[in-house]
Amino acid sequence: MDLVMAPPEMQVVYEHPRSLADVPTRYCPGCTHGIAHRLLAEAIDELGLQERAVLVAPVGCSVFAYEYFNVDACQAAHGRAPAMATGLKRMLPENIVITYQGDGDLVSIGAAEIMHVAARGERITTIFINNAIYGMTGGQMAPTTLPGQKTTSSPLGRDTRRTGAPIRMSEVLAQFDGAAYIVRRSLHDVANIRKAKKAILTALKVQMAGLGFSMVELLSSCPTNWGIAPEKALDWIEQNMIPQFPPGDYKVHDAVKTL
Amino acid sequence: MTKELLKGNIAIAEAAVRAGLEAYFGYPITPQTELLEYLSQRMTELDRVFLQAESEVAAINMVYGAACTGARVMTSSSSPGVSLMQEGMSYIAGSELPCVIVDVMRGGPGLGNILPSQADYFQVTRSAGHGDFHPIVLAPASVQEAIDFVGLAFDLADKYRHMVLLAADGQIGQMMEPAELPPMRPLQKNVPDWALTGAKAREKRVITSLYLKGEEEEAFNLKIQKKLKQIKKNEQRSVEYATEDAELLVIGFGTAGRIAYSAVEAAREKGLRVGLLRPQTLWPFPERRISELADQASGCLVVEMNAGQMVEDVRLAIGGQIPVTFYGRTGGIVPMPDEILAAIEESYSRLQIAV
């Protein structure tokens with residue numbers, strides 16, 4: 001006798017995105033890369049881009065992003081994803097080329113490459129994970145490390161007199177005429193995650209419409225290298241990162257509202 | 001077809017266009033800049049991809065990205081620029097992607113100067129990037145040979161899924177001489193089965209040079225080595241002059257080899273039994289042929305526009321059978337034929353010729 005009856009009309013409210021591979025990742029527990037991956041995969045699915053997308057993975061914790069997404073993918077040298085993406089996009093103008101980069105990759109070693117894709121208005125989309133630290137190498141100071149923040153290469157806390165202050169790359173890139181959509185979002189709570197998803201959708205639409213370069217910066221947590229429990233790390237984003245890196249729309253092309 | 005008066009850099013550029021070049025990424029640097037300038041117009045009028053990159057670092061990584069699509073891609077630079085490209089070249093080798101890199105070598109180290117030099121022999125044959133690999137390296141000695149090697153470079157790159165370097169020097173890039181360009185080849189239509197095109201109606205494809213496990217990295221390295229062994233077997237190239245009965249074998253590549261030809265001719269007029277071998281491939285080095293010639297010769301003189309780099313490969317090929325001497329000029333100085341003739345006479349006088 002069947003005790004459990006299926007409701008007459010089942011509705012799917014949650015499923016694994018097709019563009020997200022069903023494999024275990026190497027990310028630490030509590031790291032927000034997982035959320036960012038899911039948002040990007042959902043956006044690729046919702047816009048029907050799985051067969052057109054080409055992902056450029058960086059050097060850093062997300063170096064294996066090519067394993068985690070069910071799309072064509074390659075792996076760039078440290079900081080060079082924007083240049084590699086340029087080569088891809090120029091050859092495949094009908095495809096959707098996406099770079100996924102961390103703050104060490106994008107703001108430090110790849111500062112020149114990201115500025116020049118913005119300047120050229122390269123029709124690519126960058127997902128920029130800012131967690132204020134080098135993750136994969138074990139927690140060194142990044143150009144985005146907060147003043148006073150302790151890292152393995154700033155053990156007494158970042159001294160801005162000697163090492164400078166954090167670089168706000170979204171604000172920098174917004175200065176370029178070729179940048180069509182530059183926004184910063186945060187992944188520290190549900191409301192902000194939903195805003196981040198919307199921004200990723202818009203950034204991809206900007207590329208589809210050929211408006212220019214698009215980038216979504218995502219404030220992210222690194223519980224392992226911050227030495228903070230995952231939940232507290234989300235609070236740390238809100239309390240410490242947001243004042244330095246305010247979420248907001250830094251460059252929105254006039255045509256974006258028509259998308 | 002008829003011969004035209006062509007400048008080396010322009011000839012290389014047009015030869016690449018005719019070999020089916022689909023995308024060029026580069027950065028200005030003397031003495032190769034005309035190549036980039038020419039392609040900026042030519043590629044655009046043909047509706048192909050041309051982009052001046054923000055640096056050589058970016059240029060080679062654009063090549064890396066474009067090569068992932070299976071297209072015929074090229075960049076060009078000169079010595080300091082090639083130093084900057086080595087990172088990307090290593091990734092390209094580690095991802096087994098075909099591409100062509102033109103290096104119009106100049107004097108170094110450091111900023112050096114813009115005069116012709118062969119001082120980057122080690123760089124192109126030995127240290128084209130970190131990790132265990134060699135690019136295929138072609139060394140032209142004339143504008144015509146540079147043209148011919150461009151087509152060969154693209155064919156070898158595609159055949160082996162490997163990068164090919166055209167190692168010219170400032171002299172080849174800057175001089176004008178009569179040469180004949182090949183007819184225009186149609187652009188290749190078939191996309192290779194590893195190329196990134198978007199995973200439409202097929203499994204996704206990945207191009208990476210990352211092998212985290214030692215066993216996997218070693219397996220990949222063995223695969224590269226197997227390919228390099230094939231290349232070594234199949235692609236050694238050299239040309240010879242008057243080597244049949246040569247007691248002194250003169251070896252020089254590119255411009256130095258060409259000037260040595262004049263010196264060897266002059267030595268023959270003086271009755272000296274001297275012959276010339278000019279390597280056309282620097283990697284793979286034409287060691288088989290040099291080893292054969294060493295069996296019959298009594299001595300060898302290597303001439304280079306550097307402080308003595310290829311001479312090490314000559315010594316390895318000869319394996320101590322006969323004495324090897326060296327004559328070189330550095331700093332962008334191009335040796336005159338009479339200097340080389342004097343070096344030939346000097347080396348010849350010391351030969352122990354069996355009667």
Side-chain angles (χ1 to χ4, degrees), chain A residues 18-21 26 44 48-59 63-99 109-120 122 124 136, chain B residues 22-25 27 43 47-75 84-92 94-95 97 99 129-130 191 194-212:
Chain A
R18 288 186 308 283
S19 298
L20 195 63
R26 294 167 180 79
I44 291 170
L49 298 177
Q50 190 183 4
E51 296 184 334
R52 286 167 68 192
V54 179
L55 180 78
V56 185
V59 168
V63 65
F64 282 111
Y66 57 76
E67 285 186 4
Y68 307 148
F69 288 89
N70 278 329
V71 300
D72 269 11
C74 55
Q75 197 277 312
H78 199 20
R80 319 291 176 227
M84 197 173 183
T86 298
L88 283 159
K89 185 68 179 186
R90 297 286 173 132
M91 298 315 294
L92 304 171
E94 300 307 316
N95 287 65
I96 298 298
V97 178
I98 302 162
T99 76
I109 195 165
E113 284 78 8
I114 197 73
M115 286 200 212
H116 284 273
V117 291
R120 286 194 301 267
E122 212 65 56
I124 64 164
M136 192 173 70
Chain B
E22 292 169 83
Y24 171 91
F25 305 91
Y27 186 81
M43 293 293 274
D47 199 23
R48 302 185 192 176
V49 172
F50 170 90
L51 187 58
Q52 181 174 326
E54 62 269 29
S55 66
E56 287 92 347
V57 174
I60 193 69
N61 283 287
M62 290 172 186
V63 167
Y64 184 18
C68 284
T69 69
R72 288 201 150 178
V73 195
M74 185 174 91
T75 186
L84 283 172
M85 289 185 179
Q86 284 174 302
E87 173 197 55
M89 286 159 69
S90 176
Y91 277 73
I92 288 167
S95 305
L97 293 172
C99 70
H130 60 280
V191 179
W194 47 262
L196 303 186
T197 55
K200 193 167 187 177
R202 59 160 171 78
E203 289 293 297
K204 74 161 180 179
R205 291 173 186 161
V206 169
I207 292 178
T208 180
S209 61
L210 177 62
Y211 300 92
L212 218 49

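Protein chains get the first letters and strands the later ones, always in sequence-line order, with residue 1 at the start of each. Quantities reported herein were computed from a predicted structural model and do not represent experimental measurements.
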Open item on the list: Test side chain to side chain contact (heavy atoms under 4.5 Å, CB included) on B:Leu196 and A:Cys74; report intermediate values, then the result.
Closed with: CA-CA 8 Å; B:Leu196 303 186; A:Cys74 55; 3.8 Å; yes
Open item on the list: Counting heavy-atom pairs closer than 4.5 Å to chain B, which one of A:Ile96, A:Val71, A:Val63 comes out on top?
Closed with: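 Among A:Ile96, A:Val71, A:Val63, the one with the most close pairs to chain B is A:Val71.
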Open item on the list: Applying side-chain hydrogen bond (donor to acceptor under 3.5 Å, both in side chains), can you list everything that pairs with A:Arg90, at least two apart in sequence or on another chain?
Closed with: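 For A:Arg90 the side-chain hydrogen bond (donor to acceptor under 3.5 Å, both in side chains) partners, ignoring immediate neighbours, are A:Glu122.
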Open item on the list: Could you work out, with ring-ring contact (aromatic ring centres under 6.0 Å, His included) as the rule, every residue matching B:Phe50, not counting sequence neighbours?
Closed with: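 Per chain and number, B:Phe50 pairs via ring-ring contact (aromatic ring centres under 6.0 Å, His included) with B:Tyr24.
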TODO: Report yes if the side chains of B:Glu87 and A:Arg80 come closer than 4.5 Å at any heavy-atom pair, otherwise no.
DONE: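 In contact.
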Open item on the list: Is any side-chain heavy atom of A:Glu113 closer than 4.5 Å to one of B:Glu54?
Closed with: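 Answer yes - side chains close enough.
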So for [X], is it side chain, backbone, both, or neither that comes closer than 4.5 Å to the heavy atoms of chain B?
X	value
A:Val59	side chain
A:Ala76	backbone
A:Ala53	backbone
A:Val54	side chain
A:Glu94	neither

Task: Pair A:Asp72 + B:Arg202: basic N to acidic O under 4.0 Å - done: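 Judged by the 4.0 Å cut-off on N to carboxylate O distance, A:Asp72 and B:Arg202 do form a salt bridge.
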Could you give the distance from [atom1] ([X]) to [atom2] ([Y]), rounded to the nearest 0.5 Å?
X	Y	atom1	atom2	answer
A:Leu88	B:Met62	CG	CE	11.5 Å
A:Gln75	B:Cys68	CD	SG	10.0 Å
A:Glu51	B:Thr197	CD	OG1	10.5 Å

- [ ] Can you tell which part of B:Ala59 gets under 4.5 Å to a heavy atom of chain A, answering side chain, backbone, both or neither?
- [x]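 For B:Ala59, there is no contact with chain A at all, as no heavy atom is under 4.5 Å.
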Open item on the list: Which heavy atom of A:His78 sits nearest to which heavy atom of B:Tyr91, and what is that distance?
Closed with: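 Scanning both residues, the minimum pair turns out to be N-OH, 4.2 Å.
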Open item on the list: For A:Gln50, is there any backbone N or O sitting under 3.5 Å from a side-chain donor or acceptor partner on B:Lys200?
Closed with: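 Answer holds: no.
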TODO: Show the numbers, then the answer: is there a side chain to side chain contact (heavy atoms under 4.5 Å, CB included) between A:Phe64 and B:Leu212?
DONE: CA-CA 10 Å; A:Phe64 282 111; B:Leu212 218 49; 3.6 Å; yes
TODO: Report the C-alpha separation of A:Met91 and B:Val49 in whole Å, then their side-chain angles, then the decisive distance to 0.1 Å, and conclude whether the side chain to side chain contact (heavy atoms under 4.5 Å, CB included) test is met.
DONE: CA-CA 7 Å; A:Met91 298 315 294; B:Val49 172; 3.9 Å; yes
